[in-house]
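Naming: A, B, ... by sequence-line order, numbering from 1 per chain.
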Number of protein chains: 2
Amino acid sequence: MSSPLPRDPIAQARDQWVSHGWDAEADSMAAITAVMRTASIFLQRADSILRPHGLTFARFEVLALLGFSKRGSLPMTHASRLLQVHATSLTNSVDRLEATGLVRRIQHPTDGRTRLLELTAEGANALAAARDDLNEQLFADSGLPVADARELFQILSRFRRASGDFL
Amino acid sequence: MSSPLPRDPIAQARDQWVSHGWDAEADSMAAITAVMRTASIFLQRADSILRPHGLTFARFEVLALLGFSKRGSLPMTHASRLLQVHATSLTNSVDRLEATGLVRRIQHPTDGRTRLLELTAEGANALAAARDDLNEQLFADSGLPVADARELFQILSRFRRASGDFL
DNA sequence: ACAATATACTTGGACATCCTAAGGTTTGGA
DNA sequence: TCCAAACCTTAGGATGTCCAAGTATATTGT
């Protein structure tokens, strides 16, 4: 890790792709690899900002989702779909959130199978504090110029739609 | 997961950000969240393509790097920097690659501290097969139009440079 | 009604990755 | 010669993902 490299390693890989004759795949390879690297940069930043709050980005997303829901409660399945993670992953996150008292699992009034997730008062506080920190320390100064952030979001939205994330 | 959602959940989150008055942070939040979601989509695809080869994307990257190096061998540190992962993570990956006979650790001719990584013949074969599959099944039809892939790479390159990945 | 099927969620285990801290070797400069 | 620095591994903890299987409840169709 450490100090900056003299040249972008992904650009180098792209050159290799081209020089081996995989021209058609080179741009895609470079873009995908860059997405993964960028995600890992952001995830590291977010997690380090959230650590003092006892949260990870995955768990923050759960809290944020609950904070935005009208009733303040959501079935696991619904949350799992909106967050686009496996039910087992969500179970895992919720276990930890419940263990630290930020979230509660309650019975669904009519369907005995489903459990509703609900923010506790503590959870609401943790969410507000964490969100403020993320806004200040990550989102407000992400390293993405506004125009780039918008364009990036547009491109990724097209891709995510095409890949079946949403209609 | 399952079926497509009626609306993009990240766009919804963005709306929430705006309606709470965090306009300045909304675009950045949406872009970052979308990057993470996209990375997870790609990682899943890549890993499922590579599983039959006994590889993960992380391990594939190690093989690819060795395959491109002039001498066919690289010090751990050098590889760790180029792949931008922690030395311990690389040790872990290399342990598995060595256990399956795809990579070898050899002595550095002059520096007793450093170990060189080297592809075995088997490793070179595995790399070629895995790379062909990735090219065909992921990169050739990634879901990213060429123009989008290029623009995406440009934006992320600017960001990665700004965040200290390379000069 | 009742059996078959589908849905909701959890559990347990296998993997993988990251991080921190610590320790062994080996270099290389003061 | 001696000490700080560099290179790598080991160990342990925390997280997150996936899969397969299991429990409980609801729904469907006969």
Side-chain angles (χ1 to χ4, degrees), chain A residues 1-3 36-37 39-62 73-81 83-100 103 105-117, chain B residues 1-3 36-37 39-52 54-62 73-81 83-100 103-117:
Chain A
M1 313 274 264
S2 63
S3 57
M36 292 186 182
R37 169 64 188 149
S40 117
I41 293 175
F42 280 132
L43 192 57
Q44 256 175 259
R45 282 205 211 164
D47 280 348
S48 96
I49 292 168
L50 292 171
R51 183 163 310 125
H53 298 277
L55 292 173
T56 61
F57 193 69
R59 276 180 267 163
F60 169 79
E61 285 191 293
V62 176
S73 68
L74 278 179
M76 292 283 287
T77 305
H78 197 177
S80 148
R81 271 199 211 127
L83 297 171
Q84 318 206 247
V85 298
H86 268 260
T88 55
S89 299
L90 184 59
T91 292
N92 189 307
S93 300
V94 171
D95 282 351
R96 300 175 200 276
L97 287 170
E98 200 169 28
T100 49
V103 151
R105 275 183 248 235
I106 60 180
Q107 291 287 319
H108 187 287
T110 68
D111 189 330
R113 293 169 301 182
T114 81
R115 323 280 302 263
L116 297 175
L117 300 181
Chain B
M1 311 272 271
S2 63
S3 55
M36 292 186 181
R37 169 64 189 150
S40 116
I41 292 174
F42 281 132
L43 192 58
Q44 249 174 266
R45 282 204 212 166
D47 279 347
S48 96
I49 292 168
L50 292 171
R51 184 163 309 126
L55 292 174
T56 61
F57 193 68
R59 276 181 268 163
F60 168 79
E61 285 191 294
V62 175
S73 67
L74 277 180
M76 291 284 286
T77 303
H78 197 176
S80 149
R81 270 199 213 129
L83 297 172
Q84 319 206 246
V85 299
H86 265 261
T88 56
S89 298
L90 183 59
T91 292
N92 189 304
S93 300
V94 171
D95 282 349
R96 298 175 200 276
L97 287 169
E98 198 168 29
T100 49
V103 151
R104 216 176 359 240
R105 275 184 247 238
I106 60 180
Q107 290 288 319
H108 188 287
T110 68
D111 188 332
R113 292 168 300 182
T114 80
R115 323 280 300 264
L116 296 175
L117 300 181

Enquirer: To the nearest Å, how far apart are B:M36 CE and D:dT17 P?
Expert: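 Rounded to the whole Å, the gap is 12 Å.
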Enquirer: Expressed in angstrom and rounded to an integer, what is the separation of B:L117 atom CG from D:dC7 atom P?
Expert: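 For the pair B:L117 CG and D:dC7 P, the rounded distance is 14 Å.
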Enquirer: What's the closest nucleotide to the side chain of B:M76 if the choices are C:dT10, D:dT9, C:dT17?
Expert: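 So the nucleotide nearest the side chain must be D:dT9.
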Enquirer: Expressed as a whole number of angstroms, how long is the span from B:N92:CG to C:dC15:C1'?
Expert: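 After rounding, the gap between these two atoms is 10 Å.
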Enquirer: Which heavy atom of A:L50 sits nearest to which heavy atom of A:F60, and what is that distance?
Expert: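 Minimum heavy-atom separation between A:L50 and A:F60: CD1-CB, 3.8 Å.
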Enquirer: What's the CG-P distance between A:L55 and D:dA14, to the nearest Å?
Expert: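 That distance rounds to 16 Å.
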Enquirer: For A:H86 and A:S80, which heavy atoms make the closest approach, and how far apart are they?
Expert: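 Nearest pair, atom of A:H86 first, then A:S80: C-OG, 4.1 Å.
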Enquirer: Find the distance A:D95:CG to C:dG12:P and express it as a whole number of Å.
Expert: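 In whole Å, C:dG12 P and A:D95 CG are 11 Å from each other.
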Enquirer: Atom CZ of B:R96 to atom P of C:dC18: distance rounded to whole Å?
Expert: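 For the pair B:R96 CZ and C:dC18 P, the rounded distance is 12 Å.
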Enquirer: For B:Q44 and D:dC18, is the shortest distance between a side-chain N/O and OP1 or OP2 below 4.0 Å?
Expert: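 Answer yes for this pair, as a side-chain N or O of B:Q44 is under 4.0 Å from OP1 or OP2.
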Enquirer: Using the rule side-chain hydrogen bond (donor to acceptor under 3.5 Å, both in side chains), only one of B:R113, B:H108, B:Q107 pairs with B:D111; which is it?
Expert: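 Considering B:R113, B:H108, B:Q107, a side-chain hydrogen bond (donor to acceptor under 3.5 Å, both in side chains) with B:D111 is found only for B:R113.
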Enquirer: Calculate the interatomic distance between A:L50 atom CG and D:dA14 atom P; express it in whole Å.
Expert: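 Nearest whole value for this atom pair: 18 Å.
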Enquirer: Counting just side-chain N and O atoms, does B:T56 come under 4.0 Å of either OP1 or OP2 of C:dT17?
Expert: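 True: B:T56 side-chain N/O within range (under 4.0 Å) of C:dT17 OP1/OP2.
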Enquirer: Which atom names give the shortest non-hydrogen contact between A:L90 and A:A79, and what distance separates them?
Expert: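 For A:L90 versus A:A79, the nearest heavy atoms are CD2-CB, 3.8 Å.
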Enquirer: Do you know which two heavy atoms are closest between A:F57 and A:L43, and how far apart they sit?
Expert: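 Looking at all heavy atoms of both residues, the shortest contact is CB-CD1, 3.9 Å.
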Enquirer: Just jot down the side chain to side chain donor-acceptor pair (under 3.5 Å) partners of A:R105, sequence neighbours excluded, or say none.
Expert: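 Only A:D95, A:E98 meet the side chain to side chain donor-acceptor pair (under 3.5 Å) criterion with A:R105.
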Enquirer: Quick one: closest heavy-atom pair of A:P75 and A:L116, and the distance?
Expert: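 It is N-CD2, 3.6 Å.
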Enquirer: To the nearest Å, give me how far apart CZ (A:R45) and P (C:dC18) are.
Expert: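 In whole Å, C:dC18 P and A:R45 CZ are 17 Å from each other.
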Enquirer: Can you tell me which nucleotide in C:dT17, D:dT10, D:dG16 comes closest to the side chain of B:T91?
Expert: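 Closest of the options to the side chain of B:T91: D:dT10.
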Enquirer: Regarding A:T114, tell me which of base, sugar-phosphate or nothing describes its non-hydrogen contacts under 4.0 Å with the strands shown.
Expert: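 Sugar-phosphate contact only - A:T114 comes under 4.0 Å of backbone atoms but never of a base.
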Enquirer: Return a single string for nucleotides 20-30 of chain C, one symbol per nucleotide in 5' to 3' order, where B is base contact, S is sugar-phosphate-only contact and - is none, cutoff 4.0 angstrom on heavy atoms.
Expert: B----BBS---
Enquirer: Please compare B:G54 and A:P75 by the position of their nearest nucleotide in DNA chain C and report the one closer to 5'.
Expert: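 Its nucleotide being nearer the 5' end, the pick is A:P75.
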